[in-house]
Amino acid sequence: MTPDDPAPADGGSHDHGSAPEDLEGGAEERASIRAQRLAKVARLRAEGVDPYPYRFDRDRTIGELREAYGHLEAGEETDDVVRVAGRLMLKREQGKLTFAQLRDRSGEVQLFVSAKVLGPDPEAFAGFNELDRGDWVGVEGTVMVTKKGELSVKVTSFELLSKDLRPLPDKWKGLADVDARYRQRYVDLTVNPDARRVFEVRFAAVDAIRQELRRRGYLEVETPILNLQQGGATARPFVTHYNALDIDTYLRIALELPLKRLMVGGFERVFEIGRVFRNEGIDTRHNPEFTMLEAYEAFGDYTEMIELTEALVAAAAVAANGTTVVELRGQTVDLAPPWRRVTMVELIEEVVGVHVDPGMPTAEARAVLDRLGLAWQEGWGAGRCTHEVYDELVEPKVMQPTVVLDHPRETSPLAKPHRRDPNLVERFEVIVDGRELANAYSELNDPVEQLARFREEAAHKAAGDPEAGDVDYDYIRALEYGMPPAGGLGIGIDRLIMVLAGVESIREVILFPTLRPEVGLGDGDFPER
RNA sequence: GCCCCUGUGGCCAAGUGGCAAGGCAGCGGACUUUUAAUCCGACGAUCGUGGGUUCGAUCCCCACCGGGGGCACCA
């Protein structure tokens with residue numbers, strides 16, 4: 001239970017009432033599966049069996065069982081007693097012998113349930129057959145292998161651990177309705193192996209990233225999600241109200257500014273993997289809440305971040321898939337370092353065949369956009385125009401991992417000016433499969449310069465731009481104390497997982513993606529106690 | 001916001017302007033080595049919701065709701 005939850009409404013009473021519905025004779029045939037199972041639960045209680053017992057002491061996982069007994073030959077039987085637990089995924093009744101598949105988080109094993117073995121009480125065997133596909137069950141039995149070579153537990157006793165009142169989807173086809181898959185992810189995960197695989201990829205990848213960062217001496221930190229100001233990126237924020245202080249707060253849109261305050265404080269190497277929130281549209285690449293990694297390293301610049309990005313992505317790929325090679329939409333992509341490095345201006349020339357750069361006169365840059373059929377807006381300088389060409393015509397076409405260096409200063413308010421070209425900043429993005437996967441800077445640490453850029457943004461906000469941020473005076477004050485030179489990196493974890501899992505929609509990699517409220521599900525759909 | 005596609009028992013899924021296939025699951029029966037077990041039998045559907053056209057609509061039209069995709073917006 002969530003610690004802050006109020007006391008449970010039922011006051012902890014376990015005094016269960018009568019059966020939900022008396023199902024006599026033929027009525028049971030016509031009753032819904034759920035009603036039948038509710039009746040079953042009531043019957044068990046009447047017999048003194050708790051259908052929701054408190055615990056079951058298994059002595060190993062099914063994976064461990066397979067590990068230990070995988071070598072047995074077909075037909076071999078042992079006297080080794082084991083206790084395993086899991087969800088009943090299949091049941092094959094065959095007269096006085098029943099086979100079932102039991103699954104836990106580590107794998108599946110067959111249950112060999114014989115009337116003779118389960119005795120002496122003849123009710124016991126009938127009781128096993130009363131179990132339904134989907135029930136959570138604990139069993140004790142001996143390890144054996146059937147004639148056909150299937151590792152099995154010959155069950156000597158069993159216990160219902162939790163009743164499944166709703167029938168699982170088709171045992172072969174699983175759950176196909178995407179709406180149901182996202183809304184009822186618990187069912188999706190239960191019956192669709194692909195769904196489980198995607199999240200295994202996710203957990204392995206994120207874990208590998210953490211390990212690699214820790215190995216490099218990075219400290220994992222947690223910073224506020226409720227912010228008094230909007231900053232760290234350009235995006236429309238969610239606004240909520242904090243009653244105790246009677247102020248509006250913003251859900252964070254980035255992790256950047258608090259982490260850089262920690263650089264001022266001397267942490268030198270920090271990272272955070274956390275949820276950020278952007279009040280924008282939903283599509284195959286955007287979910288309003290998504291997971292971001294940001295990492296900052298003192299005394300380095302963006303060149304360190306290239307190597308770090310390569311290492312993190314490669315480690316994540318190997319941990320998730322055992323290889324750096326992934327298949328994406330029929331194409332093979334190799335994430336093994338080193339990746340290609342190229343400047344934005346060079347890459348535009350290569351892919352589009354035109355020259356445009358942030359140093360050229362604005363009119364000239366706009367003329368390039370005109371020739372390419374791209375729209376520009378008043379107020380766009382050559383830098384913004386260059387970025388537009390890159391976004392529209394270059395990024396979608398780059399498949400293999402590519403480090404795109406040296407972005408226009410105009411579109412990068414938190415990056416440090418380029419040491420050799422005042423029109424640029426020291427920033428790179430990594431593109432894989434036509435998508436931005438990572439973004440890194442030599443971090444701007446000049447408080448005077450930073451304040452000027454904040455003020456520009458605040459002016460935009462005052463002019464009605466909901467994505468422009470506020471002047472964060474405390475952040476400026478922090479910079480005035482001195483932030484060491486640093487490289488910083490951001491990786492969109494969800495998009496990385498999409499690449500590693502080879503899926504095309506961000507919803508496939510988020511356990512509970514944001515959806516409209518479900519209609520029609522209400523109190524009337526659930527039984528009285 | 002706009003456009004296209006889509007919604008059929010718990011799940012999967014056909015279908016047509018004229019009584020809504022089939023499979024899985026569930027229910028009853030047979031079966032002690034099955035592997036999506038098999039065989040036999042009976043049951044289960046206001047075809048997303050509301051209007052309209054029609055003698056008659058699951059099907060055609062309109063609106064709304066949910067979902068998917070694209071565009072736009074947006075990093």
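Each chain gets a letter, A, B and so on, in the order its sequence line appears, and its residues count up from 1.
Residue A:K147 contributes atom NZ, which lies 9 Å from atom C1' of B:U32 at whole-angstrom precision. Between the CZ atom of A:F277 and the C1' atom of B:C74 there is a distance of 18 Å, rounded to whole Å. Rounded to whole Å, atom C1' of B:C24 lies 14 Å from atom CE of A:M89. A:N287 has its CG atom 14 Å from the C1' atom of B:C74, to the nearest Å. With rounding to whole Å, A:R181 atom CZ is found 16 Å from B:G66 atom C1'. Between the P atom of B:C43 and the CD atom of A:Q36 lies a distance of 16 Å, rounded to the nearest Å. Atom CZ of A:R37 and atom P of B:G26 are 7 Å apart (whole Å). B:C74 atom P lies 19 Å from atom CD1 of A:I506, rounded to whole Å.
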Q: Could you encode protein contacts along nucleotides 10-15 of chain B as a string, one character per nucleotide from 5' to 3', using B for base contact, S for sugar-phosphate-only contact and - for no contact, with a heavy-atom cut-off of under 4.0 Å?
A: SBS---
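Residue contacts for A:R133: at a heavy-atom cut-off of 4.0 Å it reaches no nucleic acid atom on any strand shown. Residue-level contact check: A:E467 touches the backbone only, with heavy atoms under 4.0 Å from sugar-phosphate atoms and none from bases. Contacts of A:R92 with the nucleic acid, taken as non-hydrogen atoms under 4.0 Å apart, include base atoms. Backbone-only contact: A:R278 has heavy atoms under 4.0 Å from sugar-phosphate atoms and none from a base. At the heavy-atom level, A:S152 lies nowhere under 4.0 Å from the strands shown.
B:C19: glycosidic angle within 90° of 0, hence syn.
B:G18 and B:C4: their P atoms are spaced 27 Å apart (whole Å). Comparing the same atom, P, in B:C71 and in B:U8 gives a spacing of 27 Å after rounding to whole Å. Spacing of P atoms, B:G22 relative to B:G41, comes out at 13 Å, to the nearest Å. Only the C1' atoms considered, B:U32 is 37 Å distant from B:A21, to the nearest whole Å. B:G23 and B:C40 are spaced 11 Å apart, taking the P atom of each and rounding to whole Å. Nucleotides B:U16 and B:A20 have their C1' atoms positioned 9 Å apart, rounded to a whole Å. Rounded to whole Å, the C1' atom of B:A45 lies 15 Å from the corresponding atom of B:A14. For the P atoms, the distance from B:G48 to B:C43 is 25 Å, rounded to whole Å.
For RNA chain B, the residues of residues 96-106 of chain A within the heavy-atom distance limit of 4.0 Å (strictly under) are A:K96, A:L97, A:F99, sorted by number. The stretch residues 65-80 of chain A does not touch RNA chain B, since none of its heavy atoms comes less than 4.0 Å from the strand.
Using a distance-only test at 3.5 Å, with no hydrogens or angles considered, no donor-acceptor pair links the side chain of A:R166 to the main chain of A:R34. Although no hydrogens or angles enter the test, the distance criterion places no donor-acceptor pair under 3.5 Å between the side chain of A:R409 and the main chain of A:V425. Formation of a donor-acceptor pair under 3.5 Å by the A:T156 side chain with backbone atoms of A:E140 is found in this model. Counting only distance, with no hydrogens or angles, the side chain of A:S442 and the backbone of A:Y302 share a donor-acceptor pair below 3.5 Å. Judged by distance alone, the side chain of A:N192 and the main-chain N or O of A:L175 form a donor-acceptor pair under 3.5 Å. When atom types are taken as modelled, the side chain of A:T343 and the backbone of A:D406 share no donor-acceptor pair closer than 3.5 angstrom.
Here A:F428 pairs with nothing under the ring-ring contact (aromatic ring centres under 6.0 Å, His included) rule; sequence neighbours left out. Residues passing the side-chain hydrogen bond (donor to acceptor under 3.5 Å, both in side chains) test with A:S114, sequence neighbours excluded: none. Take A:D494 and apply the side-chain hydrogen bond (donor to acceptor under 3.5 Å, both in side chains) test, not counting sequence neighbours, and it matches A:R202.
Among B:C27, B:G67, B:C31, the nucleotide with an atom closest to any side-chain atom of A:Q94 is B:C31. Closest to the side chain of A:R183, out of B:A36, B:G66, B:U33, is B:G66. Residue A:E280 places its side chain closer to B:C74 than to any other of B:A36, B:G66, B:C74.
The residue among A:E130 and A:M144 whose nearest nucleotide of RNA chain B lies closer to the 5′ end is A:E130. Of the two residues contacting RNA chain B, namely A:G281 and A:Q110, the nearest-nucleotide position lying further toward the 5' end is that of A:Q110.
Among A:K416, A:K260, A:R427, the one residue that satisfies the side-chain hydrogen bond (donor to acceptor under 3.5 Å, both in side chains) test with A:E443 is A:K260.
Sorted by first and then second residue, the salt bridge (Lys or Arg N to Asp or Glu O under 4.0 Å) pairs with a member in residues 181-195 of chain A read A:D179-A:R183, A:R181-A:D188, A:R181-A:E508, A:R185-A:D188; sequence neighbours excluded. Residue pairs that meet the salt bridge (Lys or Arg N to Asp or Glu O under 4.0 Å) test with at least one member in residues 276-296 of chain A, sequence neighbours left out, are A:R275-A:E289. Legend: salt bridge (Lys or Arg N to Asp or Glu O under 4.0 Å) pairs involving residues 372-385 of chain A, not counting sequence neighbours, sorted by first then second residue: A:R366-A:E378, A:R384-A:E388. Here salt bridge (Lys or Arg N to Asp or Glu O under 4.0 Å) pairs that include residues 106-133 of chain A, with residues two or more places apart or in two chains, are A:R37-A:D132, A:K40-A:D132, A:R43-A:E130, A:R103-A:E108, A:D132-A:K163.
Side chains of A:N129 and A:T98: a donor on one and an acceptor on the other come within 3.5 Å. Side-chain atoms of A:T223 and A:E272 include a donor-acceptor pair closer than 3.5 Å.
For A:R453, the CZ atom counts as densely surrounded, since its 6.0 Å shell holds more than 12 non-hydrogen atoms of other residues, nucleotides or ligands.
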Q | Nucleotide-level pairing of RNA chain B, given in dot-bracket where Watson-Crick and G-U pairs need both distances under 3.5 Å and | marks other strands | A | (((((((..(((.....[...)))..((((.......))))......(((((..]....))))))))))))....
Could you list, one pair per line, each protein nitrogen or oxygen that sits under 3.5 Å from a nitrogen or oxygen of nucleotides 69-71 of chain B, together with the distance?
unit_1	atom_1	unit_2	atom_2	d
B:G69	OP2	A:R507	NH1	3.1

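The aromatic rings of A:Y69 and A:H71 lie parallel to each other, with less than 30° between the two planes, well short of the 60° mark.
Residues A:F99 and A:F112 place their aromatic rings such that the two centres sit under 6.0 Å apart.
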